[in-house]
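Take a look at the structure below.
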Amino acid sequence: ISGSMDGAPLAQAQAVTAALIDSLGDEDRFELIAFASRPSAWRTGAAVATRANKQSALQWLRRLRANGGTEMHTAILQALASLRDGAQRQVVVVTDGLIGFEQEIVAAIRNGLPARSRVHVVGVGSATNRTLTRGASRAGRGVEVLIGSDDDPTVAAERLLARTAAPLLDELHVEGAAVLARAPVALPDLFAGAPVRVLLQLAPDGGDVRVHAHGPNGAFVQRLAVAPVAVGGEAAIGRAFAREAVEDLEVELAAGAVPQEIDARIEALGLAH
């Protein structure tokens with residue numbers, strides 16, 4: 001809620017946040033943290049999403065005004081703090097992204113994301129900082145949603161809800177003797193109607209590929225036998241792998257990696273594919 005959010009961006013942020021609050025049920029708990037020159041929480045800690053608490057939160061939300069600078073780092077660390085072991089925690093950051101310290105935010109998410117927590121980013125306004133919104137959502141194994149000044153915020157809320165309610169599988173991992181590399185490195189969760197696409201660089205000699213995750217009935221494990229493959233493979237799949245690998249490298253760059261090293265690796269991928 002810093003000064004750059006004044007007007008339409010703050011109105012969009014309030015609308016999408018209100019829609020998310022309205023969607024919560026009695027089994028949910030939620031927190032709200034506004035950040036400008038310093039973070040300001042609706043309450044200390046998470047509250048049960050009762051009707052009274054939701055009404056209180058909506059009143060607090062409507063009173064927010066845009067002003068001051070942006071102390072985002074402290075707010076992110078506060079939001080990432082785990083509630084309890086095994087709890088699924090969905091963090092939704094709503095911002096125009098107009099800050100000058102994207103690297104420390106993306107790095108804080110990439111390096112401090114607790115197990116089973118996810119970070120989703122809603123970019124609002126006409127000039128969203130995609131370096132932040134794209135990098136933070138990818139590092140957080142979440143989804144990036146962009147809302148223009150004239151867009152309907154309820155559509156963004158519906159997309160977020162589809163990606164935060166009851167995943168079919170979470171903590172998804174793909175590995176095995178046949179796997180030389182994987183893109184993306186940090187895999188999102190699997191939801192109904194939203195397939196997860198994983199690009200693999202395979203060993204020419206083949207081997208096994210293991211897919212394992214947490215499901216509603218416990219551990220999910222699938223094993224695939226990969227026959228020896230020709231070096232080079234299908235060009236279109238190679239290009240798709242390279243694009244995803246470059247996106248991962250862009251996250252590393254956004255998180256503060258040495259630019260010359262990242263540029264060299266991106267260049268190598270481009271020339272190879």
Checking [X] now: which residues fulfil ring pair (Phe, Tyr, Trp, His ring centres under 6.0 Å) with it, not counting sequence neighbours?
| X | result |
| --- | --- |
| His212 | His173 |
| His273 | none |
| Phe241 | none |

If you measure from [atom1] on [X] to [atom2] on [Y], what distance do you get to the nearest 0.5 Å?
| X | Y | atom1 | atom2 | value |
| --- | --- | --- | --- | --- |
| Ile1 | Asp6 | CD1 | CG | 11.0 Å |
| Arg239 | Leu199 | CZ | CG | 12.0 Å |
| Leu32 | Leu20 | CG | CG | 9.5 Å |
| Leu10 | Arg65 | CG | CZ | 7.5 Å |

Decide yes or no for [X] and [Y]: does some side-chain heavy atom of the first lie under 4.5 Å from some side-chain heavy atom of the second?
| X | Y | result |
| --- | --- | --- |
| Leu58 | Asp22 | yes |
| Glu250 | Leu253 | yes |
| Thr131 | Val106 | no |
| Arg89 | Glu31 | yes |
| Leu160 | Gln90 | no |
| Ile262 | Arg265 | yes |
| Glu252 | Arg110 | yes |
| Leu169 | Val211 | no |

Would you find a donor on one side and an acceptor on the other, under 3.5 Å apart, between the side chain of [X] and the backbone of [Y]?
| X | Y | value |
| --- | --- | --- |
| Asp28 | Ala49 | no |
| Gln12 | Asp151 | yes |
| Ser117 | Leu113 | no |

Does [X] belong to the same Ile/Leu/Val/Met/Phe/Trp/Tyr cluster as [Y], with side-chain heavy atoms less than 4.5 Å apart forming each link?
| X | Y | value |
| --- | --- | --- |
| Leu132 | Phe35 | yes |
| Val119 | Met72 | yes |
| Leu190 | Val209 | yes |
| Val121 | Ile33 | no |
| Leu200 | Leu224 | yes |

Where [X] and [Y] come nearest, the two heavy atoms and their spacing:
| X | Y | value |
| --- | --- | --- |
| Ile76 | Ala108 | CG2-CB, 4.5 Å |
| Val91 | Ala79 | CG2-O, 3.6 Å |
| Gly68 | Ser37 | CA-OG, 3.5 Å |
| Val48 | Asn53 | O-ND2, 2.7 Å |
| Trp60 | Ala41 | CZ2-C, 4.0 Å |
| Ala66 | Ser2 | CB-O, 3.4 Å |

Which residues share a side-chain contact (heavy atoms from CB on, under 4.5 Å) with Asp208, sequence neighbours left out: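 In terms of side-chain contact (heavy atoms from CB on, under 4.5 Å), with neighbours along the sequence ignored, Asp208 is linked to Ala177, Arg210.
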Give every donor-acceptor pair under 3.5 Å between a side-chain atom in residues 214-221 and any protein atom, sequence neighbours left out.
none

Give the C-alpha distance, both sets of side-chain angles, the deciding distance and a yes or no for side-chain contact (heavy atoms from CB on, under 4.5 Å) between Gln59 and Arg63. CA-CA 7 Å; Gln59 291 173 6; Arg63 290 195 298 267; 3.8 Å; yes
Can you tell me if CG on Asn111 sees more than 12 non-hydrogen neighbours from other groups inside 6.0 Å?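 Yes - once you tally the heavy atoms of other residues, nucleotides and ligands closer than 6.0 Å, there are more than 12.
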Name each donor-acceptor pair under 3.5 Å that joins a side chain in residues 137-146 to protein atoms two or more places apart or in another chain, with its distance.
unit_1: Ser137; atom_1: OG; unit_2: Thr133; atom_2: O; d: 2.8
unit_1: Ser137; atom_1: OG; unit_2: Arg134; atom_2: O; d: 3.1
unit_1: Arg138; atom_1: NE; unit_2: Asp248; atom_2: OD1; d: 3.0
unit_1: Arg138; atom_1: NH1; unit_2: Glu244; atom_2: OE1; d: 3.4
unit_1: Arg138; atom_1: NH2; unit_2: Glu244; atom_2: O; d: 3.1
unit_1: Arg138; atom_1: NH2; unit_2: Glu244; atom_2: OE1; d: 2.8
unit_1: Arg138; atom_1: NH2; unit_2: Asp248; atom_2: OD1; d: 3.1
unit_1: Arg141; atom_1: NE; unit_2: Leu187; atom_2: O; d: 2.6
unit_1: Arg141; atom_1: NH2; unit_2: Leu187; atom_2: O; d: 2.9
unit_1: Glu144; atom_1: OE1; unit_2: Arg130; atom_2: NH2; d: 3.0
unit_1: Glu144; atom_1: OE2; unit_2: Arg130; atom_2: NE; d: 2.7
unit_1: Glu144; atom_1: OE2; unit_2: Thr133; atom_2: OG1; d: 2.7
unit_1: Glu144; atom_1: OE2; unit_2: Arg134; atom_2: N; d: 3.4

NZ/NE/NH1/NH2 to OD/OE distance under 4.0 Å, Glu171 and Arg118: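 Between Arg118 and Glu171 there is a salt bridge, with a charged N closer than 4.0 Å to a carboxylate O.
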